[in-house]
Every structure is written in structure tokens, then in C-alpha cells.
Protein chains: 2
Amino acid sequence: MLDKTLSLNGKIWFETPDGKLLGHGRVELLERIQQSGSLRQAALQMKMSYRQAWDMINYMNEHFGAPVVISHRGGKGGGSAELTEKGLKAIEQFKLFQQKFQEFLKTNSPLIQI
Amino acid sequence: MLDKTLSLNGKIWFETPDGKLLGHGRVELLERIQQSGSLRQAALQMKMSYRQAWDMINYMNEHFGAPVVISHRGGKGGGSAELTEKGLKAIEQFKLFQQKFQEFLKTNSPLIQI
DNA sequence: TGTCGTTATATAAATAAAAGCATATCGATT
DNA sequence: AATCGATATGCTTTTATTTATATAACGACA
């Protein structure tokens with residue numbers, strides 16, 4: 001019998017041998033940094049601590065081949081953060097596979113037979 | 001450029017509106033119950049506490065349309081646990097989609113371009 | 001050169017998750 | 001009816017994770 005209350009879901013991410021590198025949450029963080037130009041603002045928008053956001057960016061900067069975010073402290077506005085080409089490419093690529101994955105879920109979910 | 005150290009990975013699960021219902025871990029637990037006929041043995045094999053294993057089974061029994069495990073206490077051996085048809089079907093179904101998902105990852109992972 | 005707001009970082013506090021412990025319950029077998 | 005080992009479940013303790021707090025560093029600009 002087909003159970004409509006039962007659905008297939010999941011998540012995907014990019015990883016290196018060291019572990020997870022980029023998933024949905026970090027992509028959203030990168031996008032908000034790109035839009036606001038501020039790590040602090042991005043963290044606030046996502047209701048996460050600045051510390052956690054900084055740790056995420058720091059981890060990515062150290063594990064992608066090159067930094068995904070360049071940050072500046074001091075100066076006008078107190079400081080800022082901006083995405084690198086690598087960061088932009090990472091977002092674009094993840095979204096591509098994310099879209100494919102959503103299609104995978106959408107086509108397979110209705111096929112559950114329990 | 002193609003980065004061989006970067007790969008696509010992920011996980012899938014069955015869920016109801018109440019949340020996750022069946023993923024890799026619970027499937028393994030069910031399989032070990034099926035093989036050993038004992039919740040305790042299954043928990044020990046997976047190095048998890050009996051309590052945690054019991055909670056998992058209890059949650060599934062209450063959220064699948066019908067129980068996935070029937071347990072008996074007392075009697076010969078002190079008690080036992082066995083999978084229902086529903087439980088067997090759930091394992092089978094999850095493994096089916098899991099296999100499809102692994103193919104998805106395998107074919108897409110080499111396509112990452114960062 | 002003093003101010004400002006952000007980045008950067010350590011340390012402490014608070015939450016949440018997991019594990020461990022204790023104990024009751026059960027029924028075939030002896 | 002006494003025994004046995006597994007199931008069932010509450011409660012305590014421990015561990016891990018997250019969040020909060022404090023403080024230094026920084027550089028454009030007034």
C-alpha cells in the first residue's frame with residue numbers, strides 16, 4: 001500500500017577526506033555574507049552566534065584549496081567580509097547538485113511502498 | 001578545475017510530518033534484531049545503550065502505521081524481539097532507495113567543478 | 001589621534017545529548 | 001513458586017555541544 005504520510009528526504013554536502021566542507025547551512029551563510037558584506041550581519045540574520053559563523057568560515061578557508069571569504073577589520077564601518085571567486089563558485093556548484101538532488105527526492109518519494 | 005579531494009556525499013531517510021523515521025542507523029538496528037532475535041544483543045553489537053535502542057524501536061513502532069518490532073518479555077531466554085512484516089518491508093524499501101541514492105552520488109560526485 | 005563598528009579569539013556559562021544506573025515486570029522452565 | 005535473562009522505564013550522572021561574555025586588534029575617517 002502507498003502511504004502518503006511517508007516521504008523520502010535527505011541532505012547532501014561537499015566533503016574532503018577531513019570531513020564535511022559545504023552543505024546547506026554554510027551555503028546560506030556565504031550567501032548572506034555576499035549580500036550584506038558582513039559576517040556579523042550574516043550571523044545575526046541566521047540567528048547563530050558570531051563565533052559559530054566565524055568558525056564555519058575559518059574552517060572552509062582552511063579546507064578549500066583557497067579562501068572562500070576575505071575579511072577586513074578596521075576601517076570604514078569597522079570591517080567587512082566578501083566572497084572570493086572560489087566562494088562564489090562553491091555556492092554555484094553546490095546549488096547545482098542540490099537542485100539535482102531535490103529532483104531525485106521528488107521523483108523517488110512517491111515510490112515508497114510500505 | 002577538477003578537484004579530486006572534493007566529493008559529494010549525503011544521506012537520506014524516510015520521514016513523517018513528525019520527523020525522521022528511518023535512516024541508516026535504524027535500519028542497521030532492525031537488521032541486527034532480525035538476525036539476533038534480541039534488542040539487547042543488537043544494541044550491544046552497535047555499541048549503543050539498550051535505552052537508546054529501545055527508544056528508537058519505540059519511536060518507530062509508534063510512528064509507522066503499525067509496529068516494526070514485536071517484543072516478548074519473560075519466558076525462555078528472558079525475552080526476545082522479532083521484526084514484523086512491516087519492519088521487513090521498511091528495511092527492504094529503504095535499502096532500495098539507498099542504493100539509488102548511492103548511484104546518484106557516484107555519478108554526480110566526479111562532476112564537481114571548483 | 002580619538003572614535004567607531006567589525007573582525008578575531010579566549011574563556012566561562014548554559015543547554016542539550018548521551019550514557020549509566022537502578023529497579024520493576026514478565027513467562028517458560030525447573 | 002523460585003530462577004533466569006531480556007524487556008521496560010524512571011532517574012541520575014556524565015559528556016558534548018552550543019551559546020554567551022569579555023576583550024584585543026584593526027584601519028578609514030573626522
Side-chain angles (χ1 to χ4, degrees), chain A residues 11 13 15 18-21 23-26 28-64 66-84 86-87, chain B residues 11 13 15 18-64 66-84 86-87:
Chain A
K11 43 177 78 168
W13 58 81
E15 68 177 29
D18 289 343
K20 293 184 187 180
L21 186 53
H24 174 268
R26 287 179 182 177
E28 183 179 346
L29 182 63
L30 289 178
E31 287 181 321
R32 290 184 185 276
I33 290 172
Q34 177 185 20
Q35 176 269 322
S36 66
S38 161
L39 183 43
R40 172 167 297 277
Q41 284 307 312
L44 284 175
Q45 288 173 18
M46 293 181 69
K47 295 184 208 298
M48 66 169 66
S49 66
Y50 172 84
R51 180 59 192 260
Q52 188 176 28
W54 185 87
D55 282 344
M56 285 182 178
I57 298 301
N58 183 247
Y59 184 86
M60 285 191 277
N61 279 346
E62 289 179 348
H63 287 82
F64 266 100
V68 291
V69 171
I70 298 287
S71 57
H72 311 276
R73 63 176 169 184
K76 177 178 157 192
S80 63
E82 59 180 336
L83 294 206
T84 63
K86 190 97 172 178
Chain B
K11 45 176 78 168
W13 58 83
E15 69 178 28
D18 289 342
K20 293 184 187 180
L21 186 54
L22 187 69
H24 173 268
R26 287 178 183 179
V27 163
E28 184 178 346
L29 181 63
L30 289 178
E31 288 181 321
R32 289 183 185 278
I33 290 172
Q34 178 186 18
Q35 177 268 323
S36 67
S38 161
L39 220 185
R40 170 166 299 274
Q41 284 309 311
L44 283 176
Q45 288 173 16
M46 294 181 69
K47 295 183 207 301
M48 65 168 65
S49 65
Y50 173 85
R51 182 57 194 261
Q52 186 177 27
W54 185 87
D55 283 343
M56 285 183 178
I57 298 301
N58 184 247
Y59 183 86
M60 286 191 278
N61 279 346
E62 288 179 350
H63 287 82
F64 266 99
V68 290
V69 170
I70 297 286
S71 56
H72 311 275
R73 62 176 171 184
K76 177 178 159 191
S80 63
E82 59 180 336
L83 295 206
T84 63
K86 191 97 172 177

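Protein chains get the first letters and strands the later ones, always in sequence-line order, with residue 1 at the start of each.
- Residue contacts for A/Gly79: at a heavy-atom cut-off of 4.0 Å it reaches the sugar-phosphate backbone alone, with no base atom in range.
- The distance between atom CG of B/Asp55 and atom C1' of C/dG20, rounded to the nearest whole Å, is 14 Å.
- B/Ile33 places its CD1 atom 14 Å from the P atom of D/dA6, with the value rounded to the nearest Å.
- Rounded to a whole Å, the CD atom of A/Gln41 is 10 Å from the C1' atom of C/dT6.
- Residues A/Ser36 and A/Gln41 share a closest heavy-atom pair of OG-CB, 3.8 Å.
- Distance CZ (A/Arg73) to P (C/dA8): 6 Å, rounded to an integer number of Å.
- Distance B/Tyr50 OH to C/dA22 P: 18 Å, rounded to the nearest Å.
- Here the straight-line distance linking atom CZ of B/Arg32 with atom CG of B/Leu44 works out to 11.0 Å at 0.5 Å rounding.
- B/Leu44 places its CG atom 13 Å from the C1' atom of D/dT7, with the value rounded to the nearest Å.
- Side-chain nitrogen and oxygen atoms of A/Ser71 include none within less than 4.0 Å of the OP1 or OP2 phosphate oxygen of C/dT6.
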Enumerate the protein-to-nucleotides 12-21 of chain D contacts in which both atoms are nitrogen or oxygen and the separation is below 3.5 Å.
| unit_1 | atom_1 | unit_2 | atom_2 | d |
| --- | --- | --- | --- | --- |
| D/dT19 | OP2 | A/Gln52 | OE1 | 2.9 |

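- Summarising the geometry of B/Ala43 relative to B/Tyr50, their closest heavy-atom pair is CB-CA, 4.1 Å, with the distance given to 0.1 Å.
- Counting only heavy atoms from C-beta outward, the side chains of B/Val69 and B/Thr84 never approach each other to under 4.5 Å.
- If you find the closest nucleotide of DNA chain C to A/Ser80 and to B/Gly74, the one lying nearer the 5' end belongs to A/Ser80.
- With rounding to whole Å, B/Ile57 atom CD1 is found 14 Å from D/dT9 atom P.
- Note: A/Leu29 CG to A/Met48 CE = 5.5 Å, rounded to the nearest 0.5 Å.
- Residue A/Ser38 has a polar side-chain atom (N or O) positioned under 4.0 Å from OP1 or OP2 of C/dT7.
- For A/Met56 and C/dA8, the CE to C1' distance is 17 Å, given to the nearest whole Å.
- OP1 or OP2 of D/dA8 has at least one side-chain nitrogen or oxygen of B/Trp54 nearer than 4.0 Å.
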